[in-house]
There are 2 protein chains.
Amino acid sequence: MAASTLAEVARLAGVSPATASRVLNGSARTPGPEIAERVKEAARSLGYIPNAQAQGLARSSSGLIGLVVHDIADPYFSTIARGVQSAAREHQKMVLLATTSGTPADEQAAVGAFAARRADSIVIVGSRSTRPQDAKDNQELAAELDRYCSNGGKVGIVGHPVVGASADGYHVVPVPNEELATELARALAAEHTAKFVIIAGPDGLLTSDDRIRGFQRGLLAAGLPEAEVIHTGFDRAGGYQAGLEIAGRIKSSQDPASNQPAACLFAVNDVMAIGAVAALREQGLSIPRDAAIAGFDDIETLRDFRPALTTVSLPLEDIGRLATLGSLGWSETDNAMPVTGVVTLRRSTETVPT
Amino acid sequence: MAASTLAEVARLAGVSPATASRVLNGSARTPGPEIAERVKEAARSLGYIPNAQAQGLARSSSGLIGLVVHDIADPYFSTIARGVQSAAREHQKMVLLATTSGTPADEQAAVGAFAARRADSIVIVGSRSTRPQDAKDNQELAAELDRYCSNGGKVGIVGHPVVGASADGYHVVPVPNEELATELARALAAEHTAKFVIIAGPDGLLTSDDRIRGFQRGLLAAGLPEAEVIHTGFDRAGGYQAGLEIAGRIKSSQDPASNQPAACLFAVNDVMAIGAVAALREQGLSIPRDAAIAGFDDIETLRDFRPALTTVSLPLEDIGRLATLGSLGWSETDNAMPVTGVVTLRRSTETVPT
DNA sequence: GGATTTCTGGCAAGCGTTTTCCCCGGCGGA
DNA sequence: TCCGCCGGGGAAAACGCTTGCCAGAAATCC
């Protein structure tokens with residue numbers, strides 16, 4: 001038994017498909033109540049489900065929102081995805097998911113697929129890259145997006161605009177990474193005298209770069225020298241690796257007499273921070289005694305981590321919502337309420353008394 | 001500028017739409033190479049993107065896979081989602097996401113929406129409920145699914161079949177929750193003499209119930225009495241609450257002379273376990289000294305948690321893949337490799353020497 | 001060399017809706 | 001009483017693509 005069609009419903013109700021369509025799917029014109037009832041009854045008895053593809057074709061709008069993330073299993077993205085999902089639901093849209101590992105080429109493919117599906121809008125999350133090797137792909141991504149926009153699509157972007165994209169229809173939700181990193185640095189500088197080291201993502205990853213820049217600026221403002229920057233992977237493994245390296249240095253240079261932390265670390269995101277902590281611990285170091293460490297994002301799942309991680313709380317779910325609403329043309333919302341975060345000092349950067 | 005259509009491409013290339021369709025979208029018949037080149041060139045120059053909705057309508061298949069989860073921000077689900085996504089991608093499908101908070105009514109709505117979109121298959125993840133208040137909704141969900149299946153849809157389910165669903169086309173990926181919980185209990189029973197307490201989800205949540213049952217069986221096999229079961233929310237908050245209660249009891253009854261843990265806790269999932277640990281700690285108790293605790297799932301993000309959590313490792317990503325492949329009719333795969341987990345003993349249940 | 005296949009394009013009929021007209025009956029105003 | 005309106009229902013034309021079928025041409029076989 002194939003799914004029943006509108007035509008069948010109409011026939012059963014003894015009306016034309018036009019009328020059936022009008023009563024079953026919100027139309028400006030509402031047929032007479034008696035007829036309407038008959039149609040609804042017919043639909044019910046046949047178990048009629050409108051074919052959204054056909055509707056999409058006819059209305060040329062699909063009710064779909066495309067979501068592009070690096071990795072849906074990463075808590076950063078999945079939290080944002082939750083926001084996207086909830087905003088989409090409020091607007092009776094469904095979300096189409098694409099994961100890309102952050103590769104611009106994959107992102108381009110995803111945008112293409114969304115365009116093919118005539119998604120009403122696309123939300124892109126995840127740090128942009130300006131690395132030279134990505135330049136070409138970035139350009140193609142930008143072209144794909146521009147094409148999508150010029151065909152009437154809307155795009156919501158978290159963080160940085162896609163490099164090179166220029167058409168109308170973009171809505172970016174800015175995240176004050178730099179400012180917040182500055183604040184974090186100042187807060188840490190007030191308590192710590194140890195050497196600062198930044199555990200960062202690959203050079204050219206915009207989010208990472210912003211946070212580095214902001215942090216350095218904060219140190220500067222506090223009259224401290226620039227921090228050393230270690231570039232590594234933007235994930236736990238990267239943090240872990242950097243942690244190992246730092247642990248080695250600390251152990252070889254630590255002054256046993258001092259009980260001040262030998263280093264104050266800033267990992268540009270929480271997951272990296274956790275990786276670094278794991279490495280430091282494995283090497284027998286203790287946080288925050290031997291080294292203080294801060295992250296960024298304030299991932300929910302990691303809040304029970306001990307020592308509690310100093311970090312910058314970002315309203316990830318709201319960010320997802322905002323990007324979605326923005327992509328839907330709901331731009332009033334963001335003017336009302338720009339994204340902001342708050343520096344959250346916790347145990348991992350406390351200076352141990354004595 | 002509206003998106004260009006196949007007809008325009010055909011016109012520009014000087015061929016019929018039929019021919020254009022054949023060269024641009026994999027068809028059994030491939031037109032002559034010279035013509036093909038002309039069409040491709042035309043398509044390229046127009047920036048043609050096939051309209052997937054129209055294709056779907058014509059082919060009556062959408063290339064969509066519907067994924068139903070309780071909460072995409074929950075690491076359990078997001079890890080499975082990653083597997084689903086990757087399997088989908090390998091089969092050139094896109095995934096449509098729906099989150100339902102586990103409410104059967106919402107799940108039904110999601111299935112309906114997927115059916116409307118003519119999703120090729122649906123993957124349902126998340127514990128089924130047999131609670132009386134859900135009975136009616138469950139039945140409707142089952143009806144909706146049956147309808148979807150009888151219209152040719154395929155369904156992949158993780159864990160338990162939907163209560164009451166009977167049509168053809170279901171593929172369930174069984175997760176040996178009960179067996180693994182039994183194993184876990186035996187392993188713990190070998191080391192612990194303290195009172196066992198199970199921190200469980202609401203009564204009637206199948207996954208929770210299975211894990212309880214398995215655990216009790218394991219205790220029994222080890223010659224120990226049944227554990228007390230505390231029913232609470234299936235999430236961190238639930239675990240936390242139970243943790244508070246247990247902490248109270250422990251503190252009021254603890255024998256200061258003993259340095260054996262006063263209780264051995266089993267939380268039916270990792271997130272609950274983490275919540276419980278947080279509560280216990282807040283109450284000044286230490287793990288595993290005052291209480292041992294184990295979880296279930298082995299969530300990746302929580303692996304760096306200290307004390308490392310004893311748990312049962314589940315190949316979540318594979319489970320997602322399997323359910324997806326199964327839903328696509330790739331059933332050979334699962335016969336070859338049933339899902340299995342492994343009891344992973346870690347620090348949180350170690351008995352402290354002396 | 002003629003007849004029979006084998007190919008290759010094109011025509012046109014869907015796929016299931018929406019939406020623009022159009023028509024017809026009833027109504028109020030003059 | 002006549003006319004213009006209005007409102008509700010239907011016919012039919014999209015929407016953009018696939019595919020079964022057909023016809024002509026080329027290739028193959030006696």
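So that the names make sense, note that chain A is the first sequence line, chain B the second, and so on, each numbered from 1.
- Distance from the side chain of B:Asn25 is smallest to D:dT18 among D:dG16, C:dG10, D:dT18.
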- [ ] Might you work through the salt bridge (Lys or Arg N to Asp or Glu O under 4.0 Å) test for B:Asp71 and A:Arg82, ending with a clear yes or no?
- [x] CA-CA 7 Å; B:Asp71 174 8; A:Arg82 184 204 259 158; 2.7 Å; yes

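- Which of C:dT19, C:dG10, D:dG16 sits closest to the side chain of A:Arg59 comes down to C:dT19.
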- [ ] Check the pair B:Ser86, B:Arg321 against side chain to side chain donor-acceptor pair (under 3.5 Å), reporting the backbone distance first and the verdict last.
- [x] CA-CA 7 Å; B:Ser86 87; B:Arg321 297 183 55 82; 2.6 Å; yes

Protein N or O to nucleotides 20-25 of chain D N or O, pairs below 3.5 Å:
{"unit_1": "D:dC21", "atom_1": "N4", "unit_2": "B:Arg29", "atom_2": "NH1", "d": "3.2"}

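- Taking the charged nitrogens against the carboxylate oxygens, A:Glu41 and A:Arg44 do have a contact shorter than 4.0 Å, which makes a salt bridge.
- Dashed line: the shortest gap from a side-chain N or O of A:Ser21 to OP1 or OP2 of C:dT17 is not under 4.0 Å.
- For the OP1/OP2 pair of D:dG9 and a distance below 4.0 Å, the side-chain nitrogens and oxygens of A:Ser16 include no atom meeting the criterion.
- For the pair A:Glu144 and A:Arg147, the salt-bridge criterion is met [side-chain N within less than 4.0 Å of a carboxylate O].
- Taking five base pairs at each end of the helix from C:dG1-D:dC30 to C:dA30-D:dT1, the local helix axes there meet at an angle of 40°, rounded to 10°.
- Closest to the B:Asn51 side chain, of the nucleotides C:dT19, C:dG16, D:dG16, is D:dG16.
- For B:Thr5, no side-chain nitrogen or oxygen approaches OP1 or OP2 of D:dG16 to under 4.0 Å.
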